[in-house]
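Please read the structure below before turning to the comments.
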Amino acid sequence: KLPLLGVNMSFDWEDFLDPYVQTVGELKIKLRGVRKQYLKKGIYSPIEFVTGRVKRRDSILKKARKRSYTRDNLSEMEDIAGIRIMVQFVEDIWEVLDLLKKRNDFKIIEERDYINNQKVSGYRSYHVIIQYPIDTIDGFRIINAEIQIRTLAMNFWATIEHSLNYKYGGMIPEDVKVRLTNAAREAASMDLEMSIIREEIQEAQLLFDSPQALADYK
Ligand code: 0O2
C-alpha cells in the first residue's frame, strides 16, 4: 500500500522504476569505461571501481514520507538512481569531479560536499546530482541521479554505518555511535596518511597492478 501516493490508487512500481534501472545501467558502463581508458593508456586511474543501485521501494517510501513527496512529484527525488565511484585518495575525488563536469552526456544540477562539511554521523562523501537523458520506446526522458564519490576508507565506514542503521531502524545505541564517530575519525586520518605517500603508492601500483587490472576487463 502506498498511502502517500493515494490509498486506492494502484501504482506500477516496475513501470516507474524501469527508467532508473536503465539510467543506472548506462552510467555504470560509461564510468567503468573511463577507468578502462586510463588503464589502457598506462596511466593512473582516479576511479578505482564503480557500483550502482536503484533505491529500494521501502527506502523510497520512507524518504517520500519524510520529505512529503506525492505520486506526482516522486520523480523529483534525487537519489532513486544512485551511482557510487570509489577512489583511492581524497585528491582523486576532485579529479573525478572535474571529469564529471567536463562530460556532455549529463548536466550537474547540484553538489553536496560532505567532505569539507562532514555530517554529524561522521559520514563523508561528495554528492553530485545530475540530470541524465534517456531514450525509451515511450520517448525521451530526463532522469535525476545521484553520484557519490568517496575514498575506499569513506566507503568502508559508510557501508558499515548504513547496515547498523538498518539493523537498529535508525536508532543506533549511544555506545555504538561513539565507536562509529571514533572510527570515522580514524578513517579520515587514514585518508590523510595515504595522501602523504600518494605519489609513491601510485608509482608502485603502475608497475605492479596495471596489466592485471586491464586484464580484469576482458
Ligand atoms: P539508500 O537507498 O539506502 O541508499 P538524507 O535525508 O540524509 O537521507 P540527504 O541529506 O538529502 O539525505 O543526502 P543525500 O545527498 O540525498 O544522500 C542520501 C544518501 O547519501 C543516502 O542514501 C546514503 O547513501 C548517503 N548518506 C547520507 N548520509 C549518510 C550517513 O550519515 N551515513 C551513511 N552511511 N550514508 C549516508 P539512503 O537514504 O541511505 O538510501
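These numbers come from a predicted model, not from an experiment. Note that ligands are numbered from 1 as they come in the structure, with each ligand's atoms numbered from 1 the same way.
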Take atom CZ in F156; do more than 12 heavy atoms of anything else shown fall under 6.0 Å from it?
no
Can you establish whether the number of heavy atoms outside Y166 located under 6.0 Å from its atom OH is more than 12?
no
Are more than 12 heavy atoms from other residues, nucleotides or ligands located less than 6.0 Å from atom CE of M194?
no
Apply side chain to side chain contact (heavy atoms under 4.5 Å, CB included) to K66 and list each qualifying residue two or more places apart in sequence or on a separate chain.
none
Is K55 paired with E146 through a side-chain N to carboxylate O contact shorter than 4.0 Å?
no
Tell me which residues fall inside the under-4.0 Å heavy-atom shell around ligand 1.
R53, K55, S59, K63, K66, R67, D79, R84, R112, Y114, K119, S121, Y123, H127, E146, Q148, A158, E161, H162
Ionic contact status for E161 with K119, cut-off 4.0 Å:
no
